[in-house]
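A short worksheet on the structure shown next.
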Amino acid sequence: MKIAIDGPAGSGKSTVAKALARKCGFTYLDTGAMYRACALRCRRQGIDFSDAEALAACSKAADIAFGPFGEKTQVFLDGKDVSDAIRTPEVDKDVSVVSGIPEIRQDMVVRQQAFGAKGDVVAEGRDIGSVVFPDAEVKVFLVASPEARAHRRAVERAGGDTAKGEDVQVAAKDEQAILTDMARRDKADSSRASFKLEPAPGAVTIDSSALSVDEVVGQIEHLIEDARKAAAPAPEKKEAAPQAPKKETKPAPQKKEAKAQEEMRAFAHAPVEEYYEHPMRKFPWPSRAFLAIAMTGAWLYTKIVFPWKIEDMDKFFEGQKDDGRGRVIVMNHVSMLDPVVIAIALYHRHLRTRPISKSEFDKNGFVSWAFSRFGCIPIVRGTADIKAVRRAQRALQAGDWVLIFPEGTRIKSDDQPVQVHGGFALIAQMAKTDVVPVAIVGARDITPKGKHFPRPSRVYMKVGDPISFDELGVRKRKEQIAAMEKVSMERVYALRDELRREHPGKM
Ligand code: DC
């Protein structure tokens, strides 16, 4: 499904599009950021902004990629993070010129359509509903009064988070300057011959001036539901029609309830197995709430008892393609704390991590119940558990990350023999994704032999450079798997040794 969101600057479309994508488990495409990246590249290369041909050539050569969308969109230009650099007043000015050049627009539209072809997407931008995805199932034109828009931008520039409904004191003259610039941009954008700043055919206009983000998202969710119903096969529609209350009179809470019931039904017949088959964002709401509470509790507890630190957290996302796939994380295994901390840290960045757990845990009904809600995927060790491999592959393709401990069991001392299980490389290859090596030290000491309760300890982790199959220099699939296994584990142990040197005494 494609959701197209459009509207003038400051109407809240980015905030709403991101919140909606997160809620529905869709990927998010910020087309404005692509034009901004082009404008930045042209400026950095010293292109004359009156030379349309040179601007087009420079933009066409731009390598633009998106990181996972968290608080703000992570944008990479030619491999470098430009998330902040594209949001300056200079780029605000340059982008109007760049986005007005038809050759550049044609190139961007092709890239955007390729992005949309990969699956469910919430896309925002000026021509999304009319040119890029004219077949989008839901089209929204988001508007807000000029004053509301200028105020939001001013609050954001002053460091306030409008997505969370924050308001901070801003100088009237700053707000006025933004208002003037916005009026200029609106005029430039809407007087353009190639497209106008107006709703695409079939778009629903929503005025966000007096609405919270959640309220706007809620309204769009109703539109999505209507679109789904409209797309349902005819016989089903006929049967449902007599009972369905009229569109205008149907109150919002009932729709929400129906959606929640639908979620629950999907998981009802095989309560534990269904969790292994669905992406974590599609879990029913009570499970998502359970996870949120557990994550918060675990964060508080672990931060107090095992003050932990992850070095180079940003490496998790380095060079990530914009294909919405998760990555495979491999790590040395020293205690039960390891998966918890990684899952918390990524959850904080709005990502879901699925630890691959040994199937022995499934013997205990409660553990099995809880682990399934935590997103674990059980694997029968020592066998080619193709069912688990496929589940992990599908999870990665749906955007979940997969955490694997190739050592298979907790390693309590350096003398303990280690047998590395290479399944992780196969999973990464099948899901066409990269492997990120991570090491942990300090957690081995928390449950000394003969003790049941963990003792407090400082814990350190370090993230290594992601490893892609392309960089391994081998072509045959089997050789690639072997090389990935070897390189990944070498990096894990090298990272661990670095940590040990940095933190003497920590094992
Ligand atoms: O949404 P934004 O402020 O990041 O957009 C930056 C500029 O790019 C703005 O002037 C509108 C323009 N734009 C465009 O022409 N077509 C799009 N699909 C998206 C943005």
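All values reported here derive from a predicted model rather than from experimental measurement. Each ligand, and each atom within it, is numbered from 1 in the order the structure gives.
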Counting only nitrogen or oxygen atoms and a 3.5 angstrom limit, does [X] reach ligand 1?
{"X": "Thr31", "result": "yes"}
{"X": "Arg36", "result": "yes"}
{"X": "Gln112", "result": "no"}
{"X": "Arg153", "result": "no"}

Report, in ascending order of atom number, the atoms of ligand 1 lying under 4.0 Å from any heavy atom of [X].
{"X": "Lys13", "answer": "1 (O)"}
{"X": "Asp127", "answer": "16 (N), 17 (C), 18 (N)"}
{"X": "Arg87", "answer": "4 (O)"}

For this session: Please confirm whether Phe66 and Phe76 have ring centers closer than 6.0 angstrom.
Result: no
Exercise. How about Phe290 and Phe374: are their ring centroids closer than 6.0 Å?
Worked result: yes
For this session: Could you tell me whether a side-chain N or O of Gln393 sits under 3.5 Å from a main-chain N or O of Met430, the two making a donor and an acceptor?
Result: yes
Problem set entry | Polar contact flag, side-chain donor to acceptor under 3.5 angstrom, Asp207-Ser209 | yes
Exercise. Taking the six-membered ring of Phe283, is NZ or CZ of Arg373 closer than 6.0 Å to its centre and within 45° of its axis?
Worked result: no
Exercise. Taking the six-membered ring of Phe133 as reference, does the NZ or CZ atom of Lys2 fall below 6.0 Å from its centre and within a 45° cone about the axis?
Worked result: yes
Exercise. Should the pair Trp299 and His348 be assigned to parallel (<30°), tilted (30 to 60°) or perpendicular (>60°) ring geometry?
Worked result: parallel
Exercise. Does Lys93 have a non-hydrogen atom less than 4.0 Å from ligand 1?
Worked result: no
Problem set entry | Shortest reach to atom 15 (O) of ligand 1 by a heavy atom, considering only Met108, Glu124, Met34, Arg105 | Arg105
